[in-house]
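Beneath this line is the structure, given in structure tokens, with notes to follow.
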Amino acid sequence: MSLHGKVALVTGGAQGIGRAGVEHLLENGAKVALVDLNQSVGEECKSDLDGQFGEDNCIFIQCDVTDARKLRDAFQNTVEKFGRLDIVINNAGINNEKNWEKTIEVNLTSVIQGTYLALEHMSKEYGKEGGVIINISSMAAFLHSPHQPVYTATKHGVIGFSRAIAQDASEQGNYGVRINTLCPAFVDTQLLRTVEHEETMGKFVKYKDEFKQRMDKYGVLKPSLIAEGMLRMITDESLNGAVMKITCSKGIHFHTYEPLSA
Ligand SMILES: NC(=O)c1ccc[n+]([C@@H]2O[C@H](COP(=O)([O-])OP(=O)(O)OC[C@H]3O[C@@H](n4cnc5c(N)ncnc54)[C@H](O)[C@@H]3O)[C@@H](O)[C@H]2O)c1
Ligand SMILES: CCCCC[C@H](O)/C=C/C=C\C=C\C=C\[C@@H](O)[C@@H](O)CCCC(=O)O
């Protein structure tokens, strides 16, 4: 699948993994709506990208993904601006064990909401041309990050939801939309800094040194490698319901599941 002429929407696209994904999409000829809560970082990012890739290839839409009406408007505005939608990356995420209800809203509820909105704009079921959705989970879903119980739960949820809807979409619904999940290990972004603070880790902040030892043990990846994985899941048309893992030890690889048996 070539990205020329394609249109993508990336949530949490103003920094970190999302921004790296946006840059790779633009480099490969797509037009991109970067949707992010953070107005100032979003505007700065858009201005940098205009300098790098030319104006009119990228728009910034300020939006809290937990506001269902605003998220719906963000999808609508993207289609109005660029005329179509082909790729959606539900990437926005937080690490907040203190306000754990918010973590569920951002990391799981909004990913579900974003997937349903993406299907409304891309699925053959709605008379559209098809496309691809990437939902961002984490290696925490496999290794359960001991001091992030709610974060871990949300990332398990993203995998379960995405695999189930992918099977529905490809095998029963004939939506023409592929849905894949990406699970990075530790990545060098602002999210990792949240481990230092009580306001984000709550009572688990006392384990911050142990957390840092885990990062030293497993290593910390660059956002550009995660963007490479994203691009592969977007362009490889054989991938639907796939769960990609990216780690320092094994690089980009896929999780394998036992086939269902009675
Ligand atoms: N950094 C890691 O080690 C790591 C590892 C595995 C998975 N992930 C996942 O990757 C995704 C991106 O994380 P990151 O590391 O780039 O983090 P980051 O904090 O650098 O970037 C997250 C972006 O999401 C935006 N955002 C946060 N809440 C939002 C909301 N309610 N509405 C809209 N935008 C919002 C932020 O403004 C920010 O621009 C997350 O889902 C995260 O859980 C990160
Ligand atoms: C404040 C912290 C934010 C955490 C962000 C992130 O989502 C959490 C990641 C948690 C665990 C990462 C573990 C990584 C392990 C690997 O590098 C690896 O060695 C495991 C290999 C297993 C496999 O490939 O199947």
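Throughout, residue positions are numbered sequentially from 1 according to the sequence presented. Read the numbers this way: they start at 1 and go in the same order the structure lists the ligands and their atoms. None of the values given here were measured: they were computed from a predicted structure.
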May I ask whether [X] has any heavy atom positioned less than 4.0 angstrom from an atom of ligand 1?
X: Ala185; answer: yes
X: Lys155; answer: yes
X: Gly42; answer: no
X: Asp64; answer: yes
X: Leu192; answer: yes
X: Gly13; answer: no

Numbering the atoms of ligand 2 from 1, which are under 4.0 Å from a heavy atom of [X]?
X: Thr194; result: 1 (C)
X: Thr247; result: 16 (C), 17 (O)
X: Phe211; result: 2 (C)
X: Asn95; result: 1 (C)
X: Ser138; result: 6 (C), 7 (O), 8 (C), 9 (C)
X: Leu143; result: 13 (C), 14 (C), 15 (C), 20 (C)

Which ligand 1 atoms, with their elements, are less than 4.0 angstrom from a heavy-atom of [X]?
X: Gly93; result: 40 (C), 41 (O)
X: Phe186; result: 3 (O)
X: Gly12; result: 23 (C), 24 (O), 25 (C)

What protein heavy atom sits nearest [atom], and how far away is it?
atom: atom 14 (C) of ligand 2; value: Ala185 CB, 3.4 Å
atom: atom 11 (C) of ligand 2; value: Phe186 CZ, 3.9 Å
atom: atom 22 (C) of ligand 2; value: Met139 CE, 3.8 Å

Ligand 1 contact on Ser137 by region, counting heavy-atom pairs under 4.0 Å: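 For Ser137, only backbone atoms sit under 4.0 Å from ligand 1.
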If we set the cut-off at 4.0 Å for heavy atoms, which region of Cys63 has an atom near ligand 1: side chain, backbone, both, or neither?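 Answer for Cys63: backbone.
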Take atom CZ of Arg72 as the centre, draw a 6.0 Å sphere, and report whether it contains more than 12 heavy atoms from other residues, nucleotides or ligands.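 Not more than 12 within 6.0 Å, no.
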Do the side-chain N and O atoms of Asn135 and Ser137 include a donor-acceptor pair separated by under 3.5 angstrom?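 Side-chain D/A pair, Asn135 to Ser137: absent.
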Identity of the nearest option to atom 3 (C) of ligand 2, non-hydrogen atoms only, from Met201, Lys250, Gln148: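 Selected option, by shortest heavy-atom distance: Gln148.
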Nearest candidate to atom 25 (O) of ligand 2, where distance is taken over non-hydrogen atoms, out of Glu196, His253, Lys245: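 Shortest heavy-atom distance from atom 25 (O) of ligand 2: Lys245.
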With side chain to side chain contact (heavy atoms under 4.5 Å, CB included) as the criterion, how do Thr66 and Thr109 come out once you've worked through the C-alpha distance, each side chain's angles and the decisive distance to 0.1 Å? CA-CA 8 Å; Thr66 66; Thr109 310; over 6 Å; no
When you look for heavy atoms under 4.0 Å from ligand 2, do you find them on the side chain of Phe142, its backbone, both, or neither?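 It is neither; nothing of Phe142 touches ligand 2.
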